K.L.:
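Please find one structure pasted underneath; my questions will follow.
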Amino acid sequence: MTKVHNFNAGPCVLPKPAIESVIEAIRDFDNTGIGLLEISHRTPGWERIMKETEELWRELLHIPDNYDVLFLGGGASTQFFTVPANLLCKKAAYLQTGVWAKKAVKEAKFYGDVEVVASSEDKNYTYIPKGYSIPTDADYFHITTNNTIYGTEIKTDMDCPVNLVADMSSDIMSRPVDVSKYALIYGGAQKNVGPAGVTFVIVRRDVLGKVDRPLQTMVDYRTHIGKEAKDKSMFNTPPVFAIFVMHETLKWVKSLGGVEQMHKINTEKANTLYNEIDRNKMFVGTAVKEDRSIMNICWVMAPGYENKQDDFMAFAKGKGMIGIKGHRSVGGFRASLYNACPLESVQALVACMQEFEKQNA
Ligand SMILES: *Cc1c(COP(=O)(O)O)cnc(C)c1O
């Protein structure tokens, strides 16, 4: 079999040691003689995993003490309505940088006024709007830091006059983040920190409990924070499998030197591919250069070579490139270079683009 290089956008490639470790744990968790999928989530061994997973989050992102870290179900899409349910008293502001952001806007409207302060929909979300103003009477301002489908990214932590809320589904743990600039950060694990099934929420405690509306028990973040540390994210059965893989994935991130080191590696990987896209006559990037994501890299055939798209896809597939088809709303190609995607895979993709150019340009 040809060696495969997995560039899927999510679920995506995970670190090999995390996979090996979960295979073992499914057979026998923590020397209990019972597998991970069969143990009670109230066993001490599991409570330790929950505690360590939270500690890894705190350590890797330097999360201040006045924030809680929660592991919930439902995916980032569930946070699209959970966030406004808990935080939107009268009005919220949103930056619309892609369809995920647009979906978040739609859900927020169930709870109050929503002002979309800027949108890049006019150019198919190929850039991050700038120069907008954030209304100071908004309860919060919501951004999507990385736009998975379009390959644009807000790469710095902005100063915001109101509570800043971020969907970081597809760039969490790819770079250092100044958590103190945010009131709440959430995302699905399956892009960069684990498999599908667990959603992370990092929330500054003082923003909760301000809304007048009654909240369903499961929707209220305070339920999941609980009264004591051991109750945290344990109100109902947590997704043990997904959390375990996340635990192992974060251990791996830590072993490599943390998010600071991941950022260096990710920048090198992204530059390697962007340099080739910019050099190669047959391809052209779709996102505005200054807003290019280091996680999801999108490109299309250059003018004059549009008819070669299927050929390149087939050629790349023959070389073991998996998951490089662009999202249908952008077309062309997308390579997702999440933490666990090795530099060698990016180099193999670059070599494949060069060879294709030699044969076809
Ligand atoms: C994938 C993705 C989502 C949706 O996540 P689910 O966990 O599938 O609900 C939301 N936002 C962004 C930025 C994403 O990339």
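Predicted model, so just to flag it, every value in this text is computed and none were measured. Each ligand, and each atom within it, is numbered from 1 in the order the structure gives.
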K.L.:
Do any nitrogen or oxygen atoms of Lys191 lie less than 3.5 angstrom from nitrogen or oxygen atoms of ligand 1?
P.N.:
yes

K.L.:
For atom 9 (O) of ligand 1, what's the nearest protein heavy-atom neighbour? Residue, atom name and distance, please.
P.N.:
Ser77 OG, 2.6 Å

K.L.:
I'd like to know if Arg279 pairs up with Glu276 as an ion pair, taking the criterion as any Lys NZ or Arg NE/NH1/NH2 lying under 4.0 Å from an Asp or Glu carboxylate oxygen.
P.N.:
yes

K.L.:
Quick one: does ligand 1 sit under 4.0 Å from the side chain of Ala76, the backbone, both or neither, non-hydrogen atoms only?
P.N.:
both

K.L.:
Within the supplied structure, the quantity of interest is the number of heavy atoms (other residues, nucleotides, ligands) at a distance under 6.0 Å from Asp159 CG; does it exceed 12?
P.N.:
no

K.L.:
Just which atoms of ligand 1 are under 4.0 Å from any heavy atom in Asn146?
P.N.:
13 (C)

K.L.:
Check each atom of ligand 1 against the heavy atoms of Phe80 and keep those under 4.0 Å away; list them by number with element.
P.N.:
10 (C)

K.L.:
Above 12 or not: heavy atoms from other molecules or residues under 6.0 Å from NZ of Lys91?
P.N.:
yes

K.L.:
Could you tell me, atom by atom, which parts of ligand 1 come under 4.0 Å of a heavy atom of Thr144?
P.N.:
13 (C)

K.L.:
Report the nearest protein non-hydrogen atom to atom 11 (N) of ligand 1: residue, atom name, distance rounded to 0.1 Å.
P.N.:
Asp167 OD2, 2.6 Å

K.L.:
Kindly check if the number of other-residue, nucleotide or ligand heavy atoms within 6.0 Å of CG (Asp65) is above 12?
P.N.:
no

K.L.:
Check the pair Gln96, Tyr125 against side chain to side chain donor-acceptor pair (under 3.5 Å), reporting the backbone distance first and the verdict last.
P.N.:
CA-CA 9 Å; Gln96 194 176 303; Tyr125 300 116; 2.9 Å; yes

K.L.:
Considering the heavy atoms of Thr148, write down every atom of ligand 1 situated less than 4.0 Å from one of them.
P.N.:
13 (C), 14 (C), 15 (O)

K.L.:
Identify, by atom number and element, the atoms of ligand 1 in contact range of Gln190, meaning under 4.0 Å from any of its heavy atoms.
P.N.:
5 (O), 6 (P), 7 (O), 8 (O)

K.L.:
Below the 3.5 angstrom mark, is there an N/O of Gly75, backbone or side chain, next to an N/O of ligand 1?
P.N.:
no

K.L.:
Look at Glu344 together with Lys3 and state whether they make a salt bridge at an N to O cut-off of under 4.0 Å.
P.N.:
no

K.L.:
Give a yes or no on whether the backbone of Ile149 and the side-chain of Asn147 come within a donor-acceptor separation of less than 3.5 Å.
P.N.:
no

